[in-house]
Structure formats: structure tokens, C-alpha cells
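Reviewing the structure listed below.
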Amino acid sequence: MDTPSTDMDPELARQLFFEGATLVILGVPEGSEFGIDYNSWQVGPRFRGVKMVPPGVHFMHYNVVGKGGGLGDMSPRSSMFLYLQQRELRLFRWDPQEEEMVVAPQEEAEKLREELQSLDSFLGPYPYQSMRRWVSLSNHIKKESMFRLQPKCGTIFSFPEVLPTEPMTHTADRVQHNLPRYDSVCQSYKEGMARLPQMKQKEGTEIRFSLIPDKTYPDNATPTEITQHSLDLSYALGQLLNTHYPGQPLELLAELQFSFVCFVLGNVYEAFEQWKKILNLLCRAENFSLQHPELYMETISVLYHQLAQVPTDFFVDIVSQSNFLTSTLQVLFSFLCSPTANPALRKKAIRFRAHLTKKFQWDFEEEPDDCAPLIVDLPAGLDPSSQSAAS
């Protein structure tokens, strides 16, 4: 992440000074980390926010020092997407009791505007040289998609609060659910796990990601059709788009970018999992790519900029040493680089494959795992003997 210099063209600086937005951040403990987009700073005694912010979608993130004041006392990352208009003034205050950033009423922010000149020397200019990088990672995220995906509470937590699904504070509560008393001896690991309370994320803090379909085939599909839909996920991708983005397939790329930013800058692992799920659908939907080449042209552009931000071993599974992205993109290139693909899309895919091979030393020539025999689970009621394998 950048901690950039503030050099800027004088004319551009003048334009942003009058047209840019301003974030005033008050009460953040000294030594905390504050950032916007791909820029971050350690909060000093004079820090009061950021000025000259280009209008549009931005990502604010912070880690706050605890009462001890040491680096080990830094809180987990919290963040939020913001949509800022020209000359907008947004005021935030750090609430030490709730330990979160609270947006002040707009009336209070407008009142502060009258004193903005006295605050100017306490506001750091937005590092405009990093803007191109940020736009390349967020160009599909519009105001509407930002509000649709962001948690209802407005803040994205890397470690959200979890609560028990049921109180279970009294022995009678456990008896009602056929659970042993807390003071009884645990007889097995399974029993010990059963004694732990069932937890769920605090309502309103969930990122509102699209639900990825578990079933990849239509109702009443034959065993052969089930196998086909398990190899080519066009049906599942179509169901996802029809449910969440009807008539707007490019909106799925906004969620792909939203997920990536939440993971890389917001430290939200759940977002990485969603990114992988969406990418898996896109990379295994050959028929859909033939019908929507414009979606795949944009997908390649999105991936090009995202992969520019990660180290070469980022996607390697530490346990299995397998690379999720290599195997997934291998399937994508197997049909995008074929003669049946859209000519412009094929050309772009071949160039992208060559770029990845050179940068990451990934081998896309080996036979994909998808070419191995595939056994699929059939719906209840179908004769198991009719279960088929597809090569």
C-alpha cells in the first residue's frame, strides 16, 4: 500500500482545491493508521483528514490504536465505501466507546465548512498520482452497486462481531435443547464441540454479496444434462445474473471488484471467498462467453489490473501447493483462445495469457483437471446405475 508523496501539477492542484471533496476526521488516536483507496498514513498529532479528494467512489479504511498505545494494541481493520460529490464535506468522529468511526450529521458538517480555512493546514492532500491505480480497481463500482453491497450498518469489519443464536445462559436452556450441563464432564471431542454456543454474525454487519447457486443444473435435468451443466457453468451463471443483475451482466464485475477491494484493502477473508466463487463461474461458462463476449472482454481487463496488485505466490494453497487461479484461468483460456471464440475476445485472451505466463511463470499448456473423468451427484430418485462420467 502506498504512503505517497504529495507532488502535484499546480493547475490540477488548483482545480482539486476548489472542486475536490474533503474528509474531516476527528478524534482518531495518534499512532493509528488511516487510509483512503491505495494510500495510507500513520496518524500524527496534526492529522484532521484529507482534502482535494476527486469526486466519485472511494474506500476509507483504518486501524485504531488501543488505550495501551502500542502497535500490538492496533484494532482490526474497519472500512467503508464512500461516494463523494464535488466540493462535498464529510465529517467523521472516532467514538472511543463504540470503537468505530461515526459520520456526523450533514448540518454539523456544513457548519464546519465555515471554519474549513483554519483546518486547511491539518488536512493532507489526496495523492492524485495514485488515482489511476484506484480507478483501475474500481471503475465498475458505481454509487448504486456500492450501496447495494455495503453492509446495512455502513461499516465493513475484517472481524465482525458475532453473537450466539440463542442465549443458553441457564441450565434450563441447555436441557430444553437436549444439551449436557456445562459443569458435567465432557466425554468426547464431538460432545465438546456440541457444547460450544452456535454463533452468527451480528445483524446488519454482513456484506450483502450475491448468493452463488449451489445447484448448477435445471430441475428435471437428465443425468447427461447434469454432467454437462457441471462442466459448463453457464446455467448457474445465468441464474445468478437473472436473480441479482437482470439485464445487467456487467454489474457482476462491480461485485467482483468490490470483493477484491474488501479483501486486499479491507482484510475481509469472506470477500476473497466471494471473489473466487464469482471468478470460478465466469471461467467455467463457455456457452455464456459465446453469447456475451463484451462481459468477458471487461472481465479480462478487471483481472489484468487486479493481478497487478498481488505477489506471484498469492494464490498458492499453503497446504496443497495448488494454485487456484492457474487451474481456473486454464479452463477460461481453453475456450476463449479457441477458434470458435469471438475474434476480438480471442485476441485479447491470448495477449492476457502471454502476459500472465511471463509475469507469474504460470503454465497454461498442461491439460486442465476438468478434462479428467467427472462424477456428479444425481438428484434423489434417479437410478444410481445411470450416473455417468464425462471426459
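These numbers were taken from a predicted model, which means no experiment stands behind them.
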Other residues, nucleotides and ligands only: do more than 12 of their heavy atoms fall within 6.0 Å of [atom1] on [X]?
X      : atom1 : value
Arg87  : CZ    : no
Lys215 : NZ    : yes
Arg351 : CZ    : no

Side-chain heavy atoms of [X] within contact of [Y], under 4.5 Å:
X      : Y      : value
Glu100 : Val102 : yes
His244 : Leu211 : yes
Pro151 : Glu206 : no
Met131 : Tyr126 : yes
Phe260 : Val310 : yes
Met101 : Val28  : yes
Gln330 : Asp363 : no

Pair listing, side-chain hydrogen bond (donor to acceptor under 3.5 Å, both in side chains) test, anchored in residues 43-59, at least two apart: Asp37-His58, Lys51-Asp120
What pairs of residues pass the side-chain hydrogen bond (donor to acceptor under 3.5 Å, both in side chains) test when at least one of them lies in residues 145-160, not counting sequence neighbours? Arg148-Glu251
Where do Thr222 and Thr224 land on the side chain to side chain donor-acceptor pair (under 3.5 Å) test, with the steps shown first? CA-CA 5 Å; Thr222 66; Thr224 300; 4.7 Å; no
Dump the intermediate steps for side chain to side chain donor-acceptor pair (under 3.5 Å) on Glu99 and Trp94, then the final yes or no. CA-CA 7 Å; Glu99 295 189 333; Trp94 172 250; over 6 Å; no
Let me confirm one number: the [atom1]-[atom2] distance from [X] to [Y], rounded to the nearest 0.5 Å.
X      : Y      : atom1 : atom2 : result
Ser138 : His305 : OG    : NE2   : 11.0 Å
Asn63  : Glu33  : CG    : CD    : 5.0 Å
Glu225 : Asn220 : CD    : CG    : 9.5 Å
Leu240 : Phe288 : CG    : CZ    : 9.0 Å
Ile300 : Phe352 : CD1   : CZ    : 7.0 Å
Leu123 : Met52  : CG    : CE    : 11.0 Å

Looking only at atom types and distance, does a side-chain atom of [X] sit under 3.5 Å from a main-chain N or O of [Y], one as donor and one as acceptor?
X      : Y      : value
Thr205 : Gln201 : no
Ser75  : Val64  : yes
Gln361 : Lys358 : yes
Tyr296 : Leu282 : yes
Asn242 : Gln239 : no

I need the minimum non-hydrogen distance between [X] and [Y], along with the two atoms involved.
X      : Y      : result
Ser334 : Ser338 : O-CB, 3.8 Å
Pro127 : Ser130 : O-OG, 2.8 Å
Val57  : Ile141 : CG2-O, 3.4 Å
His61  : Ser79  : CB-CB, 3.8 Å
Ser210 : Gln274 : O-NE2, 3.0 Å
Leu233 : Asn280 : CD1-ND2, 3.8 Å

Excluding sequence neighbours, so at least two apart, what forms ring-ring contact (aromatic ring centres under 6.0 Å, His included) with [X]?
X      : answer
Phe34  : Phe47
Tyr304 : His355
Tyr235 : His229
Tyr62  : none

Among all residues two or more places apart in sequence or in another chain, which pass the side-chain contact (heavy atoms from CB on, under 4.5 Å) test with [X]?
X      : result
Arg90  : Leu23, Leu82, Leu84, Glu88, Phe92, Val103
Glu294 : His292
Asp232 : Ser234, Ala285, Glu286, Asn287
Glu298 : His140, Leu250, Leu253

Look at the aromatic rings of Phe258 and Phe209 and report parallel, tilted or perpendicular, splitting at 30° and 60°. perpendicular
When you look at Lys348 and Ser301, which way does the side chain to side chain donor-acceptor pair (under 3.5 Å) test go after all the steps? CA-CA 9 Å; Lys348 189 169 186 176; Ser301 296; 2.6 Å; yes
Measure from NZ or CZ of Arg133 to the centre of the six-membered ring of Tyr38, then state whether that distance is under 6.0 Å and the direction lies within 45° of the axis. yes
Just to verify, which of Leu325, Leu336, Thr299, Leu332 counts as forming a side-chain contact (heavy atoms from CB on, under 4.5 Å) with Cys283? Leu332
Taking side-chain hydrogen bond (donor to acceptor under 3.5 Å, both in side chains) as the definition, give me every residue that meets it alongside Gln257, ordered by chain and number, with sequence neighbours left out. Asn139
Verdict with reasoning, Phe59 to Leu137, per side-chain contact (heavy atoms from CB on, under 4.5 Å): CA-CA 11 Å; Phe59 189 72; Leu137 294 176; over 6 Å; no
Taking NZ, NE, NH1 and NH2 as the nitrogens, is one of them in Lys111 or Glu108 under 4.0 Å from a carboxylate oxygen of the other? no
Any side-chain donor paired with an acceptor under 3.5 Å for Glu255 and Tyr245? yes
Answer with yes or no whether the hydrophobic clustering places [X] together with [Y]; edges join I, L, V, M, F, W, Y residues whose side-chain heavy atoms lie under 4.5 Å apart.
X      : Y      : result
Val135 : Val53  : yes
Ile156 : Val264 : yes
Phe81  : Leu149 : yes

Show your reasoning for whether side chain to side chain donor-acceptor pair (under 3.5 Å) applies to Asn342 and Arg346. CA-CA 6 Å; Asn342 173 280; Arg346 180 173 182 266; over 6 Å; no
Quick one: name the residues clustered hydrophobically with Met199, using the 4.5 Å side-chain heavy-atom rule over I, L, V, M, F, W, Y, and just say none if it's on its own. Val162
